Structures are given as C-alpha cells and as structure tokens.
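Worksheet for the structure shown next.
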Amino acid sequence: MNTHHKITFLFLFFPIALFSQTPVIDSLEQSLQNAQSDTASLSVLIELTHLMNGYDLEQGLEYGYQGLHLISDETTATQKAELLTAIGRIHANSSQPDSAIHYFEQANAIFEASGNLAGQARVLSKLQWVANYLGRYEKAATIAFQVLGIRESLGEEAEIGMANSDVGDALYNQGNYQEALDYALRGYEQLKTAGAPEVDLGVTAQLLADINLQLDELDTALNYANEALQLRQNAGDLVDIALSQNTRGNILKYMERYEEALSDYQEANEIAISTGFVSLEMATLNNIVDIYIRMEEYGLALPIVRSLWQQLQQTGEQYKWPEALINLSQAYEGLGQYDSALVYYKRYTAVHDSLFTAEADEKVAELQTRYETAQKEATIYQQQQALSRERTIRWYSVGIAGLLLVLALMLLQGYRTIRQKNRSIEALLYEIHHRVKNNLQVLSSLLSLQSRYIQDENALDAIREGQNRVDAMGLIHQQLYTGATPAALNMQTYLHELGETVADSFGLDDRRIQIRYEVEPVELDAETAIPVGLITNELITNALKYAFPDNRQGEIRLHFSRPAQGGYLLKVQDNGVGKAAAVTDSGTAFGTRLIRLLSQKLKARVEELEGTGYGKAIWFD
C-alpha cells in the first residue's frame with residue numbers, strides 16, 4: 001500500500017488522453033513544419049512538449065530541447081517559463097527527479113519575477129509531487145500550503161479545490177490520514193461545486209480511495225476507487241486509468257478478492273509497459289507477485305519477481321528494493337528453497353529501516369533454523385536410503401546367519417545414529433531460540449535506555465510500545481528454549497507472563513486495573529504463537545492506555561481456548577469507557593494496522609465484541 005508515495009506524483013503530469021492525442025499531435029507537427037518564424041515555431045514546440053508527456057517521453061524531450069535553442073531576446077517570460085515547465089514534466093515522468101527540479105525551479109523563478117501567481121502555483125504543485133517522490137514529505141507539505149495560499153488569493157474555486165486536494169495528498173504522505181481526509185473531502189466538494197473537469201475530480205477521488213484504504217475503511221475506499229476509475233475512463237487518459245486500477249487492486253487485495261485484484265494489476269501493468277511508465281510497471285509487477293504469494297502460487301511469482309529484481313538493480317532506486325527482496329524470499333521459502341530464501345531475507349533486512357527490525361532478526365533466525373534442519377533431514381534421508389539398499393542386498397543373500405547378524409547390528413547402529421542426529425537438531429533449535437531471546441533482550445534494554453532521554457510523550461509511547469512488541473517475541477523464544485520441546489509453546493504460561501509484562505511496563509496498580517486470565521493449556525508452534533502474542537500485546541496495550549481514563553477502576557479479560565467447533569479463539573475485552581468515549585491518539589493507527597496484518601497472516605476472522613467496554617475476538621485455525 002505504500003506504492004502511492006512513489007508513483008502518484010506522476011499522474012498529474014499526464015492530462016491528455018493517449019488515444020485522443022494522435023490527431024492533435026499530427027496537426028501540431030504539421031504546423032511546426034509550416035511555421036514562418038522562430039516565434040511561431042517556439043509556440044508550437046511548447047504545446048508539443050506538454051502533450052508528449054502522455055504519449056512519447058523521448059520525443060517530447062527532443063521537442064523541448066529544440067525549443068530551448070529558439071529562445072531569444074524576443075521570447076516572452078511566460079513562453080520561456082512554460083517551456084521549462086514542460087521539459088521538467090518530461091524529466092519527472094522519466095523518473096529523473098533532479099533534472100525535473102532543475103527546470104521547475106528555473107520556471108518558478110521566472111513566474112515569480114514577473115508576478116505571475118497562477119503560473120507560480122502550477123510549477124510549485126509540480127515541485128510538491130517531486131518532493132513526495134523523493135520522500136521529502138515535510139517539504140512537500142510546506143509547498144502545498146504555499147500553493148493553497150496563492151490559490152485562495154486568486155479566488156478561483158476550482159483551483160482552490162485542487163489546492164486543498166494537494167494539501168490532503170501531502171498530509172497523506174506524512175501519515176496524517178485523518179487530517180488528509182478532511183482536506184481531500186473539502187477539495188472534492190469545491191471541485192464538484194465549481195464544475196471542475198473530470199480529470200481533476202478523478203485525481204481527488206483517487207486520493208480519497210488511498211486515504212480510506214490506509215484508514216481501513218475498505219468499502220468506502222472501493223467506492224471512491226470505482227468513481228475515480230469511471231471519471232478517468234470518461235476523460236480517456238490511459239495512464240490515469242492504470243493508476244486507478246492499481247489502487248483498486250490494492251483495495252481488493254486487502255478485501256481478499258484476489259482474482260479481481262490480479263485482473264486490475266495486470267491491466268495496469270500492460271498500460272504501464274505500453275506507455276513506458278517504468279515506475280508504475282515495477283509497482284504493478286510487485287503487486288502481481290504479492291497476489292501470487294498470497295494465493296500460494298509461488299511458481300508463478302518467482303520468475304516475475306526475479307526479473308523485477310534485475311530491473312531494480314539496474315535503475316539503482318534502492319527505496320524500491322525491500323518489497324522485491326521480501327517477495328523473493330517468500331517465493332523461495334514457499335518453494336522450499338530455504339537457502340535462497342535466507343540469502344534474500346538477509347539482503348532485505350540490510351536495506352529495510354522500520355519498526356520491524358526485531359521481527360526481521362527473528363525471521364532470519366527462523367529461516368536459518370529451517371535451512372539447517374532441512375539439510376540435516378536430507379542427510380538423514382540419504383543415510384536411510386543407503387541402509388535400505390544394503391538391507392535389500394543382504395536379504396537376497398539369505399542363508400548366511402552371520403550376514404543376518406551383521407545386518408541387525410548395522411540397523412541398530414543406524415537407529416542410534418539417527419536418534420543422535422535428531423538430538424543434535426533439537427539441541428541446535430534450543431540454542432537458536434536462546435540466542436534469539438538474548439538478542440531481543442539486548443534490543444529491549446537499548447529501547448529502555450533510550451526512553452530515559454526522551455521528553456516527548458508521543459515519542460516515549462512509541463518507544464514503550466516498540467519495547468513491548470520486542471518483549472512479546474522474546475518471551476516466546478524464552479518459553480521455547482526452557483520448555484520440554486523447542487517446537488511447541490504452552491500458551492497458558494506464555495499469555496499470563498505476557499499480560500503481566502505489559503501491565504508492569506505501564507506501572508499500574510493491580511488494585512485499580514486487573515487482568516483476568518481464562519487461558520486453556522493449549523500448545524502452539526512458534527510460527528503461529530508469534531502473531532498471536534503480538535496481537536494480544538496490542539489489544540492489552542490499547543485497553544490499558546485508553547479504556548480506563550481518570551484513574552478509573554476495571555478489569556481486562558484475556559481468553560484463549562480451543563472451541564468445540566474447532567480452531568482457536570483469542571478474546572481480549574475490557575469493561576472500560578468503550579470505543580466511542582475513549583480518547584486516542586494518532587499512534588493507534590499503527591497498532592490497528594498491525595493487528596489487521598497479523599490477523600491476515602493467521603487467516604483469522606476478527607470480530608468486535610458486544611457489551612460494556614471494548615473487546616475483540618480473533619478466530620483462526
């Protein structure tokens with residue numbers, strides 16, 4: 001879902017329909033041949049450079065440079081600035097942001113010096129999108145508010161609506177989704193009232209779809225995505241259509257409507273290839289791979305993501321590497337090629353900078369264990385096959401009692417060897433769990449030490465929540481290396497310790513808020529226990545933070561069982577003030593998204609519980 005940050009800036013640079021441009025371009029090219037002066041030729045070249053942004057980027061750049069050679073003392077400031085803007089757009093759409101900035105800033109200086117506020121606002125909007133593309137979200141937001149001020153001073157309602165939409169996009173890229181929604185909705189209503197072109201309405205509807213997707217309002221997001229797609233189909237711009245199909249594919253993917261999502265991604269990819277829109281081509285390929293992995297079609301995913309990885313290494317755009325690397329790792333893992341999965345996961349962790357660093361370390365350890373275990377099992381299998389062949393030969397040599405005795409001794413020795421190797425594998429698993437636990441403990445201690453120097457409450461909460469997540473995973477590995485088997489976890493012991501650990505991190509008085517445990521002695525494997533533990537950590541943390549304001553007393557019920565109808569049931573419910581009355585902060589969006597992602601990993605069904613307070617039930621097999 002982060003694809004928006006890297007490719008949305010481009011769609012505003014394709015305002016003319018591809019399949020309707022050809023007659024217009026043919027006419028302009030004819031006019032260029034018949035032009036009687038450099039001034040007339042320059043005017044035509046400016047129009048051609050603008051139009052070619054949605055048709056042929058290479059040819060458009062040639063027209064732009066040809067126009068630069070015709071600039072003279074007779075050229076007006078507006079003409080020069082418009083040509084520089086058009087060339088900047090070509091570079092932006094060709095994924096050359098530095099060159100785009102160079103030409104946009106020259107155009108902006110000319111518009112500013114001549115007092116052309118409308119032209120200045122247009123160029124600043126394009127600089128905003130380039131800033132978004134480069135991940136400079138604070139700068140993009142500053143520019144967006146500057147443009148809004150200019151548009152409001154000019155008083156054109158449609159342009160004000162578009163400027164509000166741009167502010168919403170800047171806030172969206174900063175992760176301020178609720179504020180982004182307010183500005184985007186305001187802009188959308190202004191554009192409708194002003195009777196703005198469908199292409200502008202499509203831009204804002206697209207943004208509303210992206211924002212609602214991040215807010216987990218999937219049905220609303222899908223409605224806006226369908227509206228944006230219809231508006232863009234009416235306008236006839238293939239590039240915009242492809243961007244809307246990609247967004248709708250994202251929404252359908254998270255609704256688990258994989259076949260429909262795959263169809264949207266494939267159609268968007270075909271348009272991206274036909275138009276030379278490289279960023280969108282790579283984004284849609286990553287999304288197609290993600291769908292195949294979710295559908296467990298690893299054989300279909302692998303050749304696509306390998307080809308994509310080769311393309312990315314040639315472009316040098318490292319910010320796109322993590323998604324391709326993790327998809328490579330998952331595809332190889334799904335095919336049982338754990339050595340290759342481990343190699344690409346280590347490369348992924350080397351370039352990935354996020355709150356999931358601890359989880360990445362744990363994943364590397366898991367892949368390492370599975371790879372080494374697979375190798376040892378292969379060795380055991382080979383030894384068993386050798387013993388089987390030798391037993392067959394000796395069976396057909398029946399009659400010699402001595403050989404039968406030797407065979408018996410060899411079988412006994414083989415059994416002992418296999419048992420010893422199994423013990424070695426088990427010891428290795430214990431040691432790996434021990435080391436992972438120690439590493440997570442070090443990370444937790446570093447977070448605790450760092451929190452002592454943080455004064456900002458929001459930052460302190462983020463550090464504390466990160467430490468709780470690390471502790472939740474650390475408890476799992478501690479249980480595994482101290483338990484009877486390194487492959488199974490007693491959830492009764494683990495969830496009780498987890499609840500106490502989270503409560504202690506808040507320094508709560510047990511007499512004010514109590515945690516009631518209704519946990520059966522169920523055992524889970526580590527791969528399932530980790531997401532269950534992280535979900536439990538998030539739900540208990542949310543209850544402790546928001547359910548009991550103003551020193552309110554209450555309790556939290558933690559339930560885990562195997563219902564009679566099968567599967568597993570996790571419930572966390574409080575008797576606090578309830579969701580409607582709780583005062584939350586912006587940090588809760590990450591916790592909510594984390595719960596949703598982990599539930600999807602478990603293929604779980606999530607329900608909100610009725611009654612006083614707030615609670616959730618997680619059903620999974």
Side-chain angles (χ1 to χ4, degrees), residues 1-7 10 94-95 238-239 241-243 245-352 356 360 363-364 366-368 370-371 374-375 378 527 597 600-601 603:
M1 299 199 298
N2 293 330
T3 303
H4 176 94
H5 294 177
K6 300 303 179 188
I7 63 175
L10 297 163
S94 300
S95 297
L238 290 183
V239 172
I241 290 170
L243 287 163
Q245 286 177 319
N246 187 65
T247 290
R248 189 172 69 176
N250 290 337
I251 298 166
L252 292 168
K253 175 173 67 177
Y254 286 100
M255 297 177 82
E256 299 185 1
R257 292 160 61 174
Y258 296 139
E259 295 291 345
E260 295 172 72
L262 183 61
S263 177
D264 273 343
Y265 289 146
Q266 289 172 334
E267 290 182 22
N269 179 255
E270 291 173 4
I271 293 175
I273 292 171
S274 68
T275 58
F277 195 169
V278 179
S279 293
L280 181 58
E281 178 187 349
M282 290 189 287
T284 51
L285 283 176
N286 255 326
N287 287 330
I288 289 170
V289 170
D290 187 32
I291 288 291
Y292 281 138
I293 290 174
R294 290 169 183 265
M295 297 171 68
E296 298 182 356
E297 296 286 354
Y298 303 110
L300 295 175
L302 184 58
I304 299 174
V305 73
R306 286 178 62 183
S307 175
L308 176 61
W309 173 234
Q310 291 175 353
Q311 286 182 264
L312 287 173
Q313 291 178 97
Q314 293 172 358
T315 64
E317 297 177 331
Q318 294 191 12
Y319 60 86
K320 297 178 181 178
W321 288 13
E323 188 173 4
L325 287 169
I326 193 62
N327 284 338
L328 270 169
S329 177
Q330 290 177 348
Y332 277 118
E333 185 181 0
L335 293 170
Q337 299 180 34
Y338 301 120
D339 51 346
S340 296
L342 178 62
V343 168
Y344 284 106
Y345 202 90
K346 284 183 175 178
R347 294 199 65 177
Y348 163 74
T349 58
V351 298
H352 185 266
F356 285 90
K363 181 65 175 178
V364 170
E366 176 191 341
L367 287 170
Q368 182 78 52
R370 294 179 67 176
Y371 169 55
Q375 282 193 322
E527 188 174 356
L597 291 173
Q600 289 175 348
K601 181 177 181 181
K603 298 181 179 178

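This structure is a prediction, so every number in the text was calculated from the model and none was measured. Atom set for the values below is all heavy atoms of this structure, side chains included, hydrogens, waters and symmetry mates excluded.
- In this structure, Tyr265 contributes its side chain and Asn250 its backbone to a donor-acceptor pair below 3.5 Å.
- Atom CG of Asn287 and atom CG of Asn246 lie 5.0 Å apart (nearest 0.5 Å).
- Ile271 has its side chain within reach of Gln245: a pair of non-hydrogen atoms, C-beta onward, lies under 4.5 Å apart.
- The line from CD1 of Ile251 to NZ of Lys253 is 11.0 Å long, rounded to the nearest 0.5 Å.
- Residues Tyr332 and Leu328 are in side-chain contact: their nearest non-hydrogen atoms beyond the backbone lie under 4.5 Å apart.
- Note that the CD atom of Glu260 and the CG atom of Leu252 stand 5.5 Å from one another [nearest 0.5 Å].
- In this structure, Ser263 OG and Arg257 CZ are separated by 12.0 Å, a value rounded to the nearest 0.5 Å.
- In terms of the side-chain hydrogen bond (donor to acceptor under 3.5 Å, both in side chains) criterion, Glu259 has no residue partners (sequence neighbours excluded).
- The two residues Ser329 and Ala341 make their nearest non-hydrogen contact at OG-O, 3.0 Å.
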Give every donor-acceptor pair under 3.5 Å between a side-chain atom in residues 291-309 and any protein atom, sequence neighbours left out.
residue, atom, partner, partner atom, Å
Arg294, NE, Asp290, OD1, 3.4
Arg294, NE, Asp290, OD2, 3.1
Glu296, OE2, Lys603, NZ, 3.3

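- Closest of all the heavy-atom pairs between Ala242 and Leu280 is CB-CD2, 3.6 Å.
- Going from atom OG1 of Thr284 over to atom CD of Glu267 covers 12.0 Å, rounded to the nearest 0.5 Å.
- Nearest heavy-atom pair across Gln311 and Leu285 is OE1-CD1, 4.0 Å.
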